[in-house]
Amino acid sequence: MDSIRAELGDVKALRAMEQVERSGFVPASSVGMAYEDTPLPIGEGQTISQPFIVALMVDALELRPTDRVLEIGTGSGYQTAVLARMAGEVVTVERLPSLADSARTRLEAMDVGNVEVHTAGPCLGWLPRSPYDAIIVSAGAPRLPRRLVSQLVVRGRMVVPVGSREKQELMKLVRTQEGFSVSTMGSCRFVPLVGADAWPEDASARG
Ligand code: SAH
């Protein structure tokens with residue numbers, strides 16, 4: 001965490017990350033690596049995000065303790081637990097049912113109460129609990145996901161990696177009365193966002 005702090009400063013997200021044991025979210029075989037600043041495999045071809053990227057993205061959401069946040073791509077549930085310490089409510093959606101189930105079990109065992117874990121439905125995001133104050137997308141989208149912009153409140157923030165399947169640009173979007181504004185935050189590499197409004201399912205099997 002010290003190297004991240006040196007780069008990003010003492011952001012609130014880092015303080016929340018220090019309260020969440022990342023070793024509880026990685027497979028037993030990777031526990032020795034849990035505190036390295038690197039992504040790690042979590043099964044099903046997916047990865048737990050690199051801590052630096054979690055800090056950068058969560059910080060950019062500018063969360064307040066009363067905010068309702070939507071996370072796309074629960075994965076291990078690590079970032080979910082970090083968000084739960086900073087926001088009022090976290091709604092998280094995962095496409096792969098086995099990962100959604102294990103994240104739900106893990107978060108319940110850790111007594112993280114302000115989180116709902118859902119297996120993704122046919123449309124991107126989670127409409128029943130929209131609109132959200134902030135949305136964080138933990139998988140790479142081929143283009144800015146308009147369907148998620150409409151799930152944000154006006155002045156709501158969204159952080160999303162957008163680009164090719166191999167490399168993306170981290171984008172921060174703020175919804176405005178008229179539409180939205182976008183800024184870029186640097187390049188990154190995520191597993192693909194798959195399904196409606198994203199990459200086709202068969203392409204994800206190749207990579
Ligand atoms: N933040 C997570 C990283 C998850 S990796 C962690 O720290 O563990 C990205 C996850 O997004 C994968 O588990 C993948 O299955 C999921 N995903 C991909 N497309 C999705 C979609 N359309 N909706 C919900 N989840 C999706």
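The chain is numbered in sequence order, starting from 1. Every number for a ligand or one of its atoms is a count from 1 in the order of the listing.
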Run down the list [options] and name the one with the heavy atom closest to [atom].
atom	options	answer
atom 19 (N) of ligand 1	Ile42, Val194, Ile136	Val194
atom 24 (C) of ligand 1	Thr92, Val93, Ile53	Val93
atom 18 (C) of ligand 1	Gly73, Gly140, Pro192, Pro51	Pro192

- Looking at ligand 1, does any of its N/O atoms fall within less than 3.5 Å of an N/O of Glu71? no
- Task: Answer yes or no: does an N/O atom from Tyr78 fall short of 3.5 Å to an N/O atom of ligand 1?
- Result: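 Checking ligand 1 against Tyr78, no N or O pair falls under 3.5 Å apart.
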Answer side chain, backbone, both or neither: which part of [X] comes under 4.0 Å from ligand 1, heavy atoms only.
X	result
Val191	side chain
Ile48	both
Thr74	backbone

Using non-hydrogen atoms of the residue, decide whether [X] is closer than 4.0 angstrom to ligand 1.
X	result
Ala198	no
Gly75	yes
Ala196	no

- Task: May I ask you to decide if the ring planes of Phe25 and Tyr78 are parallel, tilted or perpendicular, using 30° and 60° as cut-offs?
- Result: perpendicular
With a 6.0 Å cut-off (strictly less than), is the heavy-atom count around [atom1] of [X], excluding the residue itself, greater than 12?
X	atom1	answer
Arg129	CZ	yes
Arg15	CZ	yes
Arg155	CZ	no

- Query: Heavy atoms, side chains only, cut-off 4.5 Å: are Glu201 and Arg95 in contact?
  - Reply: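 SC-SC contact between Glu201 and Arg95 confirmed.
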- Query: With no hydrogens and no angle check, is any side-chain donor or acceptor of Gln151 less than 3.5 Å from a backbone partner on Leu124?
  - Reply: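 Yes; at least one donor-acceptor contact below 3.5 Å.
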- Determine yes or no for a side-chain-to-main-chain donor-acceptor pair under 3.5 angstrom, with Arg157 supplying the side chain and Leu61 the backbone. yes
- Query: Among side-chain atoms of Ser138 and Gln79, is any donor-acceptor pair under 3.5 angstrom?
  - Reply: yes
- Message: Counting non-hydrogen protein atoms only, what is the nearest one to atom 13 (O) of ligand 1? Give residue, atom name and distance.
- Response: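 Checking every protein heavy atom, the shortest distance to atom 13 (O) of ligand 1 gives Glu94 OE1, 2.8 Å.
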- Looking only at protein heavy atoms, identify the closest one to atom 20 (C) of ligand 1 and say how far it is in Å.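 Scanning the protein heavy atoms, the shortest distance from atom 20 (C) of ligand 1 goes to Leu193 CD1, 3.6 Å.
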